[in-house]
**Q** 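Let me give you the structure first, and then I'll get to my questions.
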Amino acid sequence: MSINANEISSLIKAQIKSYSETLETREVGKVTQVGDGIALVYGLENAMAGELLEFDNKVYGMALNLEKDAVGAILLNDVRSVKEGDTVKTTKKILEVPVGEELIGRVITPLGMPLDGKPLNATKTRPIERKATGVIERESVNTPLQTGIKIIDSLIPIGRGQRELIIGDRQTGKTTIAVDTIINQKNKGVYCIYVAIGQKESTVASVVDTLKRYGAMEYTVVVAANASDPSPLQYIAPYSGAAIGEEFMFNGKDALVIYDDLSKHAVAYRELSLLLRRPPGREAYPGDIFYLHSRLLERAAKLSKELGGGSLTALPIIETQAGDFSAYIPTNVISITDGQIYLNTNLFHSGIRPAVQPGLSVSRVGGAAQIKAIKKTCGTLRLDLASYQELEAFTQFGSDLDDVTAKKLERGRKSLQILVQPAHITYPVELETLSIYALTQGFLDDIKVEKVLDFERGLHSFFLNDEEGKKILDEIVNTKELPDKESINSVISRFKETYI
């Protein structure tokens, strides 16, 4: 076989022509100290804050401290396999998480690894940290996010794009309110992200089981950084949840993200900061603890129509110690959010559930996040509850009450009772409107307190099965307005005749 010199020449020329130089430059450093999920790395002079670092054995970390001689990094996976002398490379990337509709119905880690045993086929990623949307790109919150919880939708309404804090002692029903809000988004076009931070695995499994039972996992993503996971994972978990929610928001959709809870998030960050030798401040929290939560919660927004009109609503949860509302982390988050839902231990133990205390709960968006029907209906409800609580405290030492005071106390008890509802049972807004209308218009005045909830169940059933009643409910749904009072009154009166 003979080879022509011209053929060899043409082959070499073709290879030279198609040759492309792909030169990759990466800084390499060495681990000088490691322990408790923290690694001190020498030699990475140009590392960026928040940059993803690659250790030996496919271990990843994130640069947090940029010091003169070293970089303090948090380790994100397989912490025990890192040892002194290991090499570390920069990646020139900020930490990213998988996003998109492929995540719906899945339980994942903050790094996007599946925890439910099935492969994850997400193709798109987003950086977990991003600058919050500016004021010009937003519009005011004007669309309700119905929770299906009567006391919240009537007195402390939440709008799409709002940040509403759920706060209270442990075991007062904070997670239940968050889960019920997710359950109520069925068929409402809202994608939900539940971020569990520092919870027991059994608690997270219980939440996932509840969501599955009510068909809510069909539009929900669960991001879990459990109590057994290292602090770095608990630290990045809420930012991962925000990035997943933002993907829906920037595609013109509505999303709801729940951070359960940011008290444990702050504790995880305090642990990291102290291990990184950052100077401690009040309660040993580092000086940037306020910025930690403000840059997270500011990402909740209602986008302008030019940007698609999507929204990201945030419901952070904070746990108080013995009702201490004025502690460091609670006051920080209260000042960042657009209102708070305060859960009272005494109300919870007295059987008033959800144990929301109207006096300390507020929505700074208010009526802008309510339909007109419920806004008109619940006008005097907050005043009735406030005056009842004052009168009750004042009259518990005396036995003789005048008729006016006795009537106010009775109305207050019925107001509290009508707002009671079992866990995971949510109501559409038209039935909420009907319940509160019956209360504020005096239809419950001759009903005993212990019969109030039974009366309400009967009233709902009557309206749903009565031709005129169904028309009234449909009108509330379609027009968002309160129908003619006379027609509502006549149907309620007809029901009362059959009930009594």
**Q** Apply the test side-chain hydrogen bond (donor to acceptor under 3.5 Å, both in side chains) to residues Asn121 and Thr123: give CA-CA distance (whole Å), side-chain angles for both, the deciding distance (0.1 Å), then the verdict.
**A** CA-CA 6 Å; Asn121 301 316; Thr123 53; over 6 Å; no

**Q** So, for Ile193 and Gly245, which heavy atoms are closest and what is the spacing to 0.1 Å?
**A** CD1-CA, 3.5 Å

**Q** Report the C-alpha separation of Glu271 and Ser231 in whole Å, then their side-chain angles, then the decisive distance to 0.1 Å, and conclude whether the side-chain hydrogen bond (donor to acceptor under 3.5 Å, both in side chains) test is met.
**A** CA-CA 7 Å; Glu271 185 183 321; Ser231 299; 2.9 Å; yes

**Q** How about Gln340 and Ile166: do any of their side-chain heavy atoms sit closer than 4.5 Å?
**A** no

**Q** Can you confirm whether Gln234 sits close enough to His265 that some side-chain heavy atom of one is under 4.5 Å from a side-chain heavy atom of the other?
**A** no

**Q** Hey, does the side chain of Thr181 reach the backbone of Ile177 with a donor-acceptor pair shorter than 3.5 angstrom?
**A** yes

**Q** With rounding to the nearest 0.5 Å, note down the distance linking CG in Leu76 to CZ in Phe55.
**A** 8.5 Å

**Q** Are the side chains of Val356 and Leu343 in contact, using a 4.5 Å heavy-atom criterion?
**A** yes

**Q** I'd like to know if Arg130 pairs up with Glu298 as an ion pair, taking the criterion as any Lys NZ or Arg NE/NH1/NH2 lying under 4.0 Å from an Asp or Glu carboxylate oxygen.
**A** no

**Q** To the nearest 0.5 Å, tell me how far Lys253 NZ sits from Leu303 CG.
**A** 13.5 Å

**Q** Would you check, one step at a time, whether the test side-chain contact (heavy atoms from CB on, under 4.5 Å) holds for Val97 with Thr125?
**A** CA-CA 5 Å; Val97 67; Thr125 60; over 6 Å; no

**Q** Do you know the tightest heavy-atom contact between Lys186 and Tyr219?
**A** N-OH, 3.3 Å

**Q** Between the side chains of Asp261 and Lys264, is the shortest nitrogen-to-carboxylate-oxygen separation below 4.0 Å, so that they form an ion pair?
**A** yes

**Q** We want to know whether Asp69 and Tyr42 form a side-chain donor-acceptor pair, criterion being a heavy-atom distance below 3.5 angstrom.
**A** no

**Q** Would you call Glu246 and Arg299 a salt bridge, using N to O less than 4.0 angstrom?
**A** yes

**Q** Determine yes or no for a side-chain-to-main-chain donor-acceptor pair under 3.5 angstrom, with Glu51 supplying the side chain and Met48 the backbone.
**A** yes

**Q** Quick check on Asp36: does its CG atom have over 12 non-hydrogen neighbours (other residues, nucleotides or ligands) under 6.0 Å away?
**A** no

**Q** Is any side-chain heavy atom of Ile236 closer than 4.5 Å to a side-chain heavy atom of Leu111?
**A** yes

**Q** With side chain to side chain contact (heavy atoms under 4.5 Å, CB included) as the test, pick out the partner of Val71 among Leu40, Leu64, Leu66.
**A** Leu66

**Q** Walk me through whether Phe248 and Tyr191 qualify under ring-ring contact (aromatic ring centres under 6.0 Å, His included).
**A** CA-CA 8 Å; Phe248 296 120; Tyr191 294 95; 4.4 Å; yes

**Q** Please evaluate residues Phe325 and Tyr342 with respect to the criterion ring-ring contact (aromatic ring centres under 6.0 Å, His included), reporting the C-alpha separation (whole Å), side-chain torsions for both, the decisive distance (0.1 Å), and the verdict.
**A** CA-CA 9 Å; Phe325 216 63; Tyr342 179 65; 4.8 Å; yes

**Q** If I take atom CZ from residue Arg80 and atom CG from residue Leu75, how far apart are they, to the nearest 0.5 angstrom?
**A** 13.0 Å

**Q** Would you call Lys302 and Glu137 a salt bridge, using N to O less than 4.0 angstrom?
**A** no

**Q** How far apart are the closest heavy atoms of Glu456 and Ser435, and which atoms are they?
**A** OE2-OG, 2.7 Å

**Q** Check Thr176 against Ala423 and note the closest heavy-atom contact, atom names and distance.
**A** CG2-CB, 3.7 Å

**Q** Are Glu84 and Lys30 ion-paired here, with the side-chain N under 4.0 Å from a carboxylate O?
**A** no

**Q** Any Lys/Arg nitrogen of Lys89 or Glu27 sitting under 4.0 Å from an Asp/Glu carboxylate oxygen of the other?
**A** no

**Q** Any chance the rings of His293 and Tyr259 have centres within less than 6.0 Å?
**A** no

**Q** Quick one: does Leu211's side chain get under 4.5 Å of Ile182's, heavy atoms only?
**A** yes

**Q** Between Glu247 and Lys124, does any NZ, NE, NH1 or NH2 come within less than 4.0 Å of an OD or OE carboxylate oxygen?
**A** yes

**Q** Is there side-chain contact between Ile108 and Val222, with at least one heavy-atom pair below 4.5 Å?
**A** no

**Q** When rounded to the nearest 0.5 angstrom, what is the spacing between CD in Gln199 and OG in Ser206?
**A** 11.0 Å

**Q** Name the one of Ile156, Thr147, Thr337 that satisfies side chain to side chain contact (heavy atoms under 4.5 Å, CB included) with Glu164?
**A** Ile156

**Q** Quick one: pull up CZ in Arg353 and CD1 in Ile151 and give me the separation to the nearest 0.5 Å.
**A** 14.5 Å

**Q** Start with the C-alpha gap between Lys212 and Asp209, add the side-chain angles, then the distance that decides, and say whether salt bridge (Lys or Arg N to Asp or Glu O under 4.0 Å) holds.
**A** CA-CA 5 Å; Lys212 281 180 180 171; Asp209 183 56; over 6 Å; no

**Q** For the atom pair CD (Glu432) and CD1 (Ile418), what is the distance rounded to the nearest 0.5 Å?
**A** 11.5 Å

**Q** Looking at Arg364, Gln162, Arg163, which one forms a side chain to side chain donor-acceptor pair (under 3.5 Å) with Asp338?
**A** Arg163

**Q** Measure the shortest side-chain to side-chain distance between Pro114 and Arg106 over non-hydrogen atoms and say whether it is less than 4.5 angstrom.
**A** yes

**Q** For residues Val223 and Thr109, determine if any side-chain heavy atom of one lies less than 4.5 Å from a side-chain heavy atom of the other.
**A** no

**Q** Would you please indicate if the ring centroids of His424 and Tyr214 are separated by under 6.0 Å?
**A** yes

**Q** In terms of the angle between their ring planes, are Tyr269 and Tyr235 parallel, tilted or perpendicular, with boundaries placed at 30° and 60°?
**A** parallel

**Q** Quick check: does any side chain N or O of Asp153 sit under 3.5 Å from a backbone N or O of Lys150, one acting as donor and the other as acceptor?
**A** no

**Q** Salt-bridge test for Arg126 and Glu96: reply yes if a basic N is under 4.0 Å from a carboxylate O, no otherwise.
**A** no

